[in-house]
Amino acid sequence: MPIPHRRFDALILGAGGAGLNAALRLASADLRVAVVSKVFPTRSHTVAAQGGVNAALANVLPDNWHWHMFDTVKGSDYLGDQDAIEYMCREAIPTVYELEHAGVPFSRLDNGKIYQRAFGGQSQDFGGDQAARTCAAADRTGHAILHTLYQQNVRARSHFFDEYFGIDLIRDDEGVVIGALVLDIESGEPLVIESKATLIATGGYGQVFRTTTNAFINTGDGMAMALRAGVPLQDMEFYQFHPTGVAGKGMLITEGARGEGGFLVNGDGERFMERYAPRALDLASRDVVARSMVTEIREGRGAGPNKDHVLLKLDHLGAEVVHQRLPGITDICRVFLGIDPAKDAIPVFPTAHYAMGGIPTDPHARVVAPARHGPEEVVPGLYAAGECACVSVHGANRLGGNSLLDILVFGRAAGTDILRFVAENPNHRTMRDEHIEPALARMQRWERKGEGESVHAAKADLRKLMEDHCGVFRERETMAEGVDKLKALRDRIDGVRLQDHSKTFNTARIEALELDNLMDVGMATLMSALHREESRGAHSRVDFPQRDDEQWMKHSLYSREDDRMDFKPVRTKPLTVESFPPKARVY
Amino acid sequence: MSATDIEQDPQRLRWQCRRGMLELDLLLNGFLDAGYSDLSKQGRGDFVRLLAYQDQIIYDWLMGQSIPADAALRDLVGLIRAAMKR
């Protein structure tokens, strides 16, 4: 039976903040927009962003986009592209006002202006006093933004394909992206969406690690689609971990717990941070605390029957302090562990939180890849924005309040550039069966019948492998061993079979397709981490503890073909101001 | 799609438990594995009704930060929290 086709001006894969902001811009300009989302749009992971959006509005303390830019470049450990960072920090201001006008209920000051709170890494006057730059809607900013954008899209008549799963991009003979093959989860039937421009906005991939704060949906679908379409992934070694996640579950226990006087002990009850950071102890920097925890476990001093975590103790603080100053932690412990943190120690393990790397783009959100004429040639018709993209504004490390900003600014930029692109390319290009063939083959691979390993077991092995070999403890031997194991697992996955081949609402099939994606982004992460022989931002190597600007102030690029690594220079020249040259990053 | 169809199809139900927050994924999927099958027909209908609420609202209920006005949902929230500790 022939596969049905639908035609739209623009196709947006993913319905979080980036996808919806792009869609809104396009639908408001009367383009026909398709938004594909594997879950109902307001169940996207943007909903979990509690912090806020940075913008130099200067409502509380003096501020300036140029200071915001300085902080972001410094925070990125000088790996961020300064043209993109300048663009983001300038655009932050109109972006927040636009959201305010769209109906996001930002918290207010008494004078009616948007309230702004201070966050780590924010300074006035290029590294001076603390700034207050983060706009928030109480502690549910992501939720407020997502719901506002969804409702505005419904008003603007964006066409939503809810509970459709993206299989792969479709490219023509000249390499132009002309749409995607998607799967209707409800019916199990494929659908071809033809588009003049396609935006990948599918979010992060925290599910590749065993312990993560990310929702189950964060499986790197769009990043893996880009890889399979021949686009490399950039800076995938840079992944943010928080030291204290609930062991075996992943939820964050905020740093406030240690700030209030909580401390970590190993399985022997020893306060082990005394050995690793005798002065700063449990308040040492995130990477030091996380690596110390994992070292204790690797050396057999973990807690619990499997010795696979350490303990965070708060019981000496007294019930009043714990329950009143740390209510969120109290709730998490009660609900998920059935314990009272004022009495019992909390089992903790470093938890994977945010990907700085992703699909390489320019500041217009156009996907760029190495080609004949240089390392950054535009892939025609293809855009990426949000956590799945690497523009790169976060470089080696992201500042708090800059991730919601990234999705909004570059979602909007994608919308603006797609308007231009579609005006210049008003006709659909010809799509032939052979263009769809590779995407169909990927789907049909999971129709193979017979005995085989389960998706569930292979996925659990992958997540454990990534945690053991590419988590917070990184050195050559461990990672090289990880690459060998991961290649073996990739071969094993070829033998994985589905036992349920039914069509309608076969979620096992979706999980199998997600496993393919996790496998690809996992390999990209591990290969990139193995190759970068320095410590910078979130990537810290035991065997190369220093930042090495001479050799390594460059972006890494992983290609799926032969698991190849390439590199390209950092764009150090901003749009209108002077460059910020690299300096030691001290706070 | 009617509520009855969702109640009777375990895969469909599981997909409705895929949410934007890890906490909800763990609590709702955990309950599907250890608790949902013990519910009466009425209780299963209530669970499907709960899933139709916004993530942030379900989160507030399950984490004990607010309480549903609807008595049936209030009971269900208690059961979901209890199933997590099992």
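Side chains included, hydrogens not; waters and symmetry mates left out as well; all remaining heavy atoms used.
Proximity to chain A is absent for every atom of B/Ile80, based on heavy atoms less than 4.5 angstrom apart. At a 4.5 Å heavy-atom cutoff, the contact between A/Asp331 and chain B is made by backbone and side-chain atoms alike. Residue A/Ile510 touches chain B through its side chain alone, counting heavy-atom pairs closer than 4.5 Å. In this structure, the portions of A/Asn506 lying under 4.5 Å from any heavy atom of chain B include both its backbone and its side chain. Contacts between A/Thr46 and chain B at a heavy-atom distance below 4.5 Å are absent for every atom of the residue. For chain B, the nearby parts of A/Ile332 are the backbone and the side chain; heavy atoms of each come within less than 4.5 Å. Only the side chain of B/Asp55 comes within less than 4.5 Å of a heavy atom in chain A; its backbone stays farther off. Using a 4.5 Å cut-off between heavy atoms, A/Thr42 touches chain B through its backbone atoms (N, CA, C, O) alone.
Side-chain atoms of A/Gln50 and B/Gln56 include no donor-acceptor pair closer than 3.5 Å.
Surrounding CD of B/Gln42 are at most 12 heavy atoms belonging to other residues, nucleotides or ligands under 6.0 Å away.
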What verdict does the side chain to side chain contact (heavy atoms under 4.5 Å, CB included) test give for A/Lys38 and B/Trp15, after you've listed the backbone C-alpha separation in whole Å, the side-chain angles of each residue and the deciding distance to 0.1 Å? CA-CA 9 Å; A/Lys38 65 179 174 179; B/Trp15 202 251; 4.3 Å; yes
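The two residues B/Ala52 and A/Arg43 have their closest heavy-atom pair at CA-NH2, 4.4 Å.
The CD1 atom of A/Ile217 lies 7.0 Å from the CG atom of B/Asp25; values are rounded to the nearest 0.5 Å. The distance from atom CG of B/Leu22 to atom NE2 of A/His45, rounded to the nearest 0.5 Å, is 8.0 Å. The distance from the CG atom of B/Leu62 to the CZ atom of A/Phe336 is 8.0 Å, given to the nearest 0.5 Å. To the nearest 0.5 Å, atoms CZ (A/Arg140) and CG (B/Asp60) are separated by 4.0 Å.
Options B/Gln54, B/Glu23, B/Met21, B/Gln11 differ in how many heavy-atom pairs under 4.5 Å they form with chain A, and the most are formed by B/Gln11. Ranked by heavy-atom pairs shorter than 4.5 Å toward chain A, the options B/Gln65, B/Met63, B/Arg18, B/Arg14 are led by B/Arg18.
By the 4.0 Å N-to-carboxylate-O rule, A/Glu186 lies close enough to B/Arg12 to be salt-bridged with it.
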